[in-house]
**Q** 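Structure incoming, see below.
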Amino acid sequence: MPKLPEVESARAVVEATALGRRIADVDDSDTWECRPHAPGEIGEALVGRRLTAARRRGKSMWCDTSGTGRSATPGPALGLHLGMSGRILVTDADGRLTEGGDYLGRGVAGAGRQADRNPVWVRFALVFEDGGTLRLFDKRRLGRVRLDPEVDALGPDVLDVRVGEFRELVGRGRAPVKARLLDQSVLAGVGNLLADETLWQAGIDPRRRVDELDDDDLSRLHRALRRATRAAIARGGVHTGEVVPHRGRGGHCPRCGAEMACATVGGRTTWWCPVEQV
DNA sequence: AACAATGTTCAGTC
DNA sequence: GGACTGAACATTGT
């Protein structure tokens, strides 16, 4: 379930395994995943080019592309949004995974490592001249592939904002604090689970309006967000959080044992500890 | 078998 | 008119 940490892992894999390989063919036939492009449009723009960089901002990821043999002018960027269930696999000429080619990265034996590789879930693919591939598996089909994605509308990446800027961005307005954390135009990269984990660690009720938070609240929130994000990246996913596994009916706060509360906040299912989060 | 879940987008409301 | 809310979207697991 890709959130920022998974996207960062995928980006690192693409950077390590897919750059510099000449694109010989493109499967962009899935018109939903590749909307609003027509079939063949992405292929036409990319064949003959190479990926030159893999970038990420929040949960958005994209690759820069090189010129072709004829022209040195760089090609369009290739946006690869993983949505909710997207995974990227890179293979070599023999069809084997290139070293590190699983988005989970090294050393993480996540559940579904094999399960999510059903061929029918390949929604987009690059075929390299050397016979290898870069494939986007996306079970739930909420991902998106597009040329020159709009990334300017996104706020700064979670890990790039320091306390001062964080207070300024998050403290503005009067939305519930969780809704603000989820707003990608304010801060890029926080998903539903990471928001819950962060608020639990900071001891803040997700329904609190941001204009009711003081500097100390915002500082704690900032620290908790950085900590939760880095931990999730290091461990290979948001699901490794401290409180995330206790979301769900009958769950209890892993610190105080109180029964977790549940409501819709910011349009998303939200779980929190009604005792410690105030 | 109906429904919850997930992130983004878009239409709508205040 | 900016800030905010809620539903739609596709698909699958429960």
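Hydrogens, waters and symmetry mates play no part in the numbers below; they use all other heavy atoms, side chains included. Throughout, a chain's letter reflects where its sequence line sits, starting with A, and its residues are numbered from 1.
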**Q** Please list all pairs meeting ring-ring contact (aromatic ring centres under 6.0 Å, His included) that have one or both residues in residues 172-230 of chain A, counting only residues at least two apart or in different chains.
**A**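 Listed once each, the pairs are A:F166-A:H222.
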**Q** Looking at residues at least two apart in the chain, or sitting in another chain, which of them share a side chain to side chain donor-acceptor pair (under 3.5 Å) with A:D214?
**A**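 So A:D214 forms no side chain to side chain donor-acceptor pair (under 3.5 Å) with any residue.
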**Q** Provide, to the nearest angstrom, the distance between the CZ atom belonging to A:F137 and the P atom belonging to C:dT12.
**A**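 Between P of C:dT12 and CZ of A:F137: 14 Å.
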**Q** Hey, are A:D217 and A:R208 close enough for a salt bridge, meaning a charged N less than 4.0 Å from a carboxylate O?
**A**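 A:R208 and A:D217: salt-bridged.
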**Q** Is there a side-chain polar atom (N or O) of A:K139 under 4.0 Å from OP1 or OP2 of C:dG13?
**A**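 Answer is yes, contact under 4.0 Å.
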**Q** Would you mind reading off the distance between A:E33 atom CD and C:dT11 atom C1', rounded to a whole angstrom?
**A**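 In whole Å, C:dT11 C1' and A:E33 CD are 11 Å from each other.
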**Q** Once you round it to whole Å, what is the distance between P of B:dA5 and CZ of A:R140?
**A**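 After rounding, the reported distance stands at 11 Å.
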**Q** Dot-bracket, DNA chain B: Watson-Crick or G-U, under 3.5 angstrom, [ ] crossing, | other strand?
**A** .|||||||||||||
**Q** Shorter than 3.5 Å, N or O on both sides, protein versus nucleotides 1-6 of chain C: list them out with atom names.
**A**
{"from": "C:dC4", "atom 1": "OP1", "to": "A:R174", "atom 2": "N", "distance (Å)": "2.6"}
{"from": "C:dC4", "atom 1": "OP1", "to": "A:A175", "atom 2": "N", "distance (Å)": "3.3"}
{"from": "C:dC4", "atom 1": "OP1", "to": "A:R180", "atom 2": "NH2", "distance (Å)": "3.2"}
{"from": "C:dC4", "atom 1": "OP2", "to": "A:R180", "atom 2": "NH2", "distance (Å)": "2.6"}

**Q** If the condition is salt bridge (Lys or Arg N to Asp or Glu O under 4.0 Å), which residues does A:R223 pass it with, not counting sequence neighbours?
**A**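 For A:R223, no residue satisfies salt bridge (Lys or Arg N to Asp or Glu O under 4.0 Å) once neighbours in sequence are set aside.
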**Q** Sorted by first residue and then second, give each salt bridge (charged side-chain N to carboxylate O under 4.0 Å, His left out) pair with at least one member in residues 170-183 of chain A; sequence neighbours left out.
**A**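 For residues 170-183 of chain A, and leaving out neighbouring residues, the salt bridge (charged side-chain N to carboxylate O under 4.0 Å, His left out) pairs sorted by first residue read A:E168-A:R172, A:K178-A:D196.
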**Q** Take the protein atom CG of A:D30 and the nucleotide atom P of C:dC9, then report the distance between them rounded to whole Å.
**A**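 Interatomic distance, CG of A:D30 to P of C:dC9: 17 Å.
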**Q** Test question: given the 4.5 Å side-chain rule for I, L, V, M, F, W and Y, name all other residues clustered with A:V151, or answer none.
**A**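 Hydrophobic cluster check, A:V151: joined to A:W62, A:L154.
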**Q** Looking at residues at least two apart in the chain, or sitting in another chain, which of them share a side chain to side chain donor-acceptor pair (under 3.5 Å) with A:E44?
**A**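 For A:E44 there are no side chain to side chain donor-acceptor pair (under 3.5 Å) partners, ignoring immediate neighbours.
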**Q** List the residues meeting side chain to side chain contact (heavy atoms under 4.5 Å, CB included) with A:A258, not counting sequence neighbours, and say none if there are none.
**A**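 In terms of side chain to side chain contact (heavy atoms under 4.5 Å, CB included), with neighbours along the sequence ignored, A:A258 is linked to A:C256, A:C273, A:V275.
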**Q** Please tell me which of the listed nucleotides, B:dA5, B:dT6, C:dC9, lies nearest to the side chain of A:T269?
**A**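 The answer is B:dA5.
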**Q** Summarise how protein sits on nucleotides 8-14 of chain B as a single string, 5' to 3': B when a protein heavy atom is under 4.0 Å from the base, S for sugar-phosphate-only contact, - for no contact.
**A** BS-----
**Q** Could A:R21 and A:E129 be called an ion pair, given the rule that one side-chain N must be under 4.0 Å from one carboxylate O?
**A**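 Looking at A:E129 together with A:R21, the answer is no, because their closest N to O distance does not fall below 4.0 Å.
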**Q** With sequence neighbours left out, write down each residue that passes side chain to side chain donor-acceptor pair (under 3.5 Å) with A:E15, or none if nothing qualifies.
**A**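 Checked A:E15 against side chain to side chain donor-acceptor pair (under 3.5 Å); matches are A:R11.
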**Q** Go through the structure and list residues passing salt bridge (Lys or Arg N to Asp or Glu O under 4.0 Å) with A:R57, not counting sequence neighbours.
**A**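 Result, salt bridge (Lys or Arg N to Asp or Glu O under 4.0 Å) vs A:R57: none returned.
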**Q** Would you tell me if any nitrogen or oxygen in the side chain of A:W121 comes within less than 4.0 Å of OP1 or OP2 on C:dT12?
**A**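 Indeed, a polar side-chain atom of A:W121 lies that close.
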**Q** Provide, to the nearest angstrom, the distance between the CZ atom belonging to A:R87 and the P atom belonging to B:dT6.
**A**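 Computing the A:R87:CZ to B:dT6:P distance gives 15 Å.
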